[in-house]
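Accompanying notes for the structure given below.
Quantities reported herein were computed from a predicted structural model and do not represent experimental measurements. Below, chains carry the letters A, B, ... as their sequence lines are ordered, and counting in each starts from 1. Computed from heavy atoms alone, side chains included, the values below leave out hydrogens, waters and symmetry copies.
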There are 2 protein chains.
Amino acid sequence: MTAQRRVVAEVLDGEHVHLTADEVHARAVAKLPEISRATVYNTLGELVSLGEVLEVTTDKRAKRYDPNAHRPHHHLVCAQCGSIRDVHPTGNPLADLPDTERFGFTVSDVEVTYRGLCPNCASA
Amino acid sequence: MTAQRRVVAEVLDGEHVHLTADEVHARAVAKLPEISRATVYNTLGELVSLGEVLEVTTDKRAKRYDPNAHRPHHHLVCAQCGSIRDVHPTGNPLADLPDTERFGFTVSDVEVTYRGLCPNCASA
DNA sequence: AGCACCCTTAGACTTTGTCTAAGGGTGACA
DNA sequence: TGTCACCCTTAGACAAAGTCTAAGGGTGCT
């Protein structure tokens, strides 16, 4: 555990946090000016491997990092401004996929992404 | 409708087709050697705007283009080799998101991505 | 034939992420 | 306390995917 890794972990803290690697780097630099991009990428990769942080790819742009890894959840994304909320739908989508639709795959995981407009963008 | 656009449309035809822009370009070049990358990107972008083709981002790498835009469906992705199948789960995930979990958003769309191992990768 | 329009082309540019070689701090051991 | 090895960090080069721009070329209209 180095100062750099601690700073990255501190930046990624809270609910509804979904920062890109660049945003993590920018905030880490504010706390520790000499931290490098490569270190941020390395640390994020390790946190993902350890299961402490989730990678989220809600759009084609940068990957985002979600520290809320210990409670299963899905995402609600504003199609206009890109803001993201964690959501907890009822029901189990895994049970909704019949065997005939599995093509012999061993299915182990589901991601659900809801899309729409956030209150801000809807009123504009 | 130009020759270039026709070729792109021809390349994107069939079930379970999910090509990257680069793959589309490679196959288009086989039919029309002088077609350029920019034209492929432009044409794909137009097809997406017209609603004839869906953009799919199952991984952080390249976007994929899915011509099966007129029948709603979701995707089943092999975590190892990346192969993709179109699937049609039962149930309606939109109904599974209670109002209290919508944060004031106007929710209009859901994408579901199932992940697992395809028969090939599972047996290897 | 001349012209305007728009599609296409090639390539430069941007963004995001990965890789590599060199530098530096920390603990282990004498 | 001095030396050493190890591994993390750094800076920058590199790579992949996509966007943008300026110039070239076909097509149809007049």
Side-chain angles (χ1 to χ4, degrees), chain A residues 1-12 17-50 52-67 75 77 79-84, chain B residues 1-12 17-50 52-67 75 77 79-84:
Chain A
M1 174 60 76
T2 65
Q4 287 83 350
R5 299 188 186 196
R6 196 177 336 106
V7 165
V8 170
E10 281 171 19
V11 166
L12 281 174
V17 170
H18 308 89
L19 298 170
T20 66
D22 246 29
E23 289 165 349
V24 172
H25 181 233
R27 300 191 187 196
V29 163
K31 297 187 176 212
L32 188 70
E34 69 273 26
I35 196 171
S36 76
R37 268 181 1 113
T39 296
V40 170
Y41 276 104
N42 288 342
T43 306
L44 288 174
E46 282 167 33
L47 289 171
V48 170
S49 297
L50 292 172
E52 295 296 317
V53 165
L54 293 178
E55 260 181 22
V56 183
T57 57
T58 51
D59 62 4
K60 67 287 177 190
R61 314 269 293 153
K63 288 185 242 183
R64 294 180 173 274
Y65 294 89
D66 181 342
H75 292 107
V77 182
Q80 190 155 332
C81 71
S83 66
I84 302 176
Chain B
M1 173 58 77
T2 66
Q4 287 82 351
R5 298 190 186 194
R6 196 177 335 109
V7 165
V8 170
E10 282 171 17
V11 166
L12 280 174
V17 170
H18 309 88
L19 298 171
T20 65
D22 246 30
E23 288 164 350
V24 172
H25 179 234
R27 299 192 187 197
V29 163
K31 298 187 177 214
L32 188 69
E34 67 273 25
I35 195 170
S36 78
R37 270 181 359 113
T39 296
V40 170
Y41 276 104
N42 287 343
T43 306
L44 289 173
E46 282 168 33
L47 289 171
V48 170
S49 298
L50 292 172
E52 294 296 318
V53 164
L54 293 178
E55 259 181 24
V56 182
T57 57
T58 52
D59 61 5
K60 67 288 178 191
R61 314 271 292 153
K63 289 185 239 181
R64 295 180 173 273
Y65 294 89
D66 183 342
H75 292 108
V77 182
Q80 191 156 333
C81 71
S83 65
I84 303 175

Rounded distance in Å - [atom1] ([X]) to [atom2] ([N]):
X	N	atom1	atom2	answer
A:Leu44	D:dT9	CG	P	12 Å
A:Asp59	D:dG18	CG	P	12 Å
B:Asp22	D:dG18	CG	P	7 Å
A:Ile35	D:dG12	CD1	C1'	17 Å
A:Glu46	D:dT9	CD	C1'	12 Å

Of the listed nucleotides [options], the one nearest the side chain of [X]:
X	options	result
B:Arg37	D:dT10, D:dG18, C:dT9	D:dG18
B:Gln4	D:dC8, C:dT9, D:dA13	C:dT9
A:Ala21	D:dT10, C:dG17, C:dA10	C:dG17
B:Ser36	D:dA17, C:dG17, C:dT9	C:dT9
B:Glu34	D:dA17, C:dT16, C:dT9	C:dT9

Within the structure provided, determine whether [X] and [Y] are in side-chain contact (heavy-atom separation under 4.5 Å).
X	Y	result
B:Val8	B:Thr39	no
B:Tyr65	B:His18	no
A:Gln4	A:Thr43	no

Base C:dT8 to side chain B:Arg5, donor-acceptor N/O within 3.5 Å cut-off
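For B:Arg5, whose side chain was compared with the base of C:dT8, there is no donor-acceptor pair (under 3.5 Å).
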Measuring to OP1 and OP2 of [N], would you say a side-chain N or O of [X] lies under 4.0 angstrom away?
X	N	answer
B:Arg61	D:dA17	yes
B:Thr39	C:dT9	yes
A:Tyr41	C:dG17	yes
A:Thr20	C:dT16	no

Does CD in B:Gln80 sit with more than 12 non-hydrogen atoms of other residues, nucleotides or ligands closer than 6.0 Å?
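No, CD of B:Gln80 has 12 or fewer neighbouring heavy atoms, counting only those of other groups under 6.0 Å.
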Can we say B:Glu10 and B:Lys31 salt-bridge, meaning some charged N sits less than 4.0 Å from an Asp/Glu carboxylate O?
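Looking at B:Lys31 together with B:Glu10, the answer is yes, because their closest N to O distance falls below 4.0 Å.
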Considering every strand and a 4.0 Å limit on heavy-atom distances, what is the contact class for A:Ala38: base, sugar-phosphate, or nothing?
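Base, at least one base heavy atom under 4.0 Å.
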Given that B:Thr43 and A:Asn42 both sit by DNA chain C, which one's nearest nucleotide is further toward the 5' end?
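That would be B:Thr43.
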